[in-house]
Amino acid sequence: IIPEILATSTTKGDLLTNFILRCQNSSGGFKNCPENAIPDMQSTFQAVYTLSVIGKLNSIGKKTVAVWINETQNIDGGFPNIENQSSTLESTYFAVKALLILGYTPCNNITEYINQCWNADYGFGNTPNSSSNLQSTYYALSTLRALGVDISVYKTEQWLIPLQNNISEDYYGAFSSDGKVYNILS
């Protein structure tokens with residue numbers, strides 16, 4: 001319930017913006033709620049994306065957020081969800097997308113990290129030496145495309161096409177990495 005004093009002058013967008021700003025850590029990253037102590041990459045992306053969508057991106061210090069994101073980058077070129085943890089494709093996707101929304105160009109061997117997650121079957125795992133899966137492959141290809149890389153060289157369709165169900169009517173056309181769970185692709 002919105003207090004009556006705010007009801008006449010405050011929009012839902014303002015309330016959402018205020019909540020998001022309360023989630024920002026002094027280092028520049030965002031937490032998933034004000035009570036948490038540690039910012040993470042997914043929450044930072046979600047905050048930046050949401051503020052962008054509602055037209056409130058200028059309510060944050062873009063450079064401060066971009067510096068925090070860049071400072072979390074690991075030496076392998078990827079990004080962790082929480083600072084000083086291992087890199088994942090998922091967190092690297094969130095970092096690159098957030099930097100681009102903020103108007104900054106991601107750099108420093110990100111493509112090399114993504115290439116470490118590329119498997120001989122032409123799919124991508126979430127970390128180097130992990131099995132290919134649909135979500136990680138999406139994160140990899142979307143991030144590479146955002147970085148201006150020609151994704152056709154990865155020949156991912158050779159991995160993806162056999163995963164499409166063309167037999168069972170229940171999930172006809174859907175994709176599954178394991179033949180049991182079917183997903184929609186973005």
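For the pair T44 (side chain) and F30 (backbone), a donor-acceptor distance under 3.5 Å is present. Side chain of D40 to main chain of K31: no donor-acceptor pair is present (N/O by atom type, distance under 3.5 Å, no hydrogens or angles).
Summarising the geometry, atom CG belonging to D121 is positioned 8.0 Å from atom OG1 belonging to T137; distances are rounded to the nearest 0.5 Å. Taking CD1 from I38 and CG from N25, the interatomic distance works out to 9.0 Å, rounded to the nearest 0.5 Å.
Between W118 and Y122, the angle of the ring planes lies from 30° to 60°, which puts this pair in the tilted group.
Side-chain atoms of D14 and T11 form a donor-acceptor pair, as typed in the model, at a separation below 3.5 Å. If you check the side chains of N32 and N36, you find a donor sitting under 3.5 Å from an acceptor.
Shown here for I110 and V96, the closest heavy-atom pair between the two residues is CD1-CG2, 3.9 Å. The minimum heavy-atom distance linking L100 with P106 is given by the pair CD2-CD, 3.6 Å.
No side-chain heavy atom of V48 sits less than 4.5 Å from a side-chain heavy atom of K97. Looking at P34 and C23, their side chains come closer than 4.5 Å, going by heavy atoms from C-beta outward.
Note on L160: it clusters hydrophobically with Y138, by side-chain heavy-atom contacts below 4.5 Å among ILVMFWY residues. Cluster annotation: W159 is connected to V153 through the hydrophobic network of ILVMFWY side chains, with a link wherever side-chain heavy atoms come within less than 4.5 Å.
For the side chain to side chain contact (heavy atoms under 4.5 Å, CB included) test with W68, the passing option among V65, T72, N70, T64 is T72; the others fail. Each of Y154, Y93, Y139 was evaluated against F124; a single residue qualifies, Y154, per the ring-ring contact (aromatic ring centres under 6.0 Å, His included) test.
Atom OH of Y104 has more than 12 neighbouring heavy atoms from other residues, nucleotides or ligands inside a 6.0 Å radius.
Salt bridge absent: D150 and R145 never bring a charged side-chain N and a carboxylate O closer than 4.0 Å.
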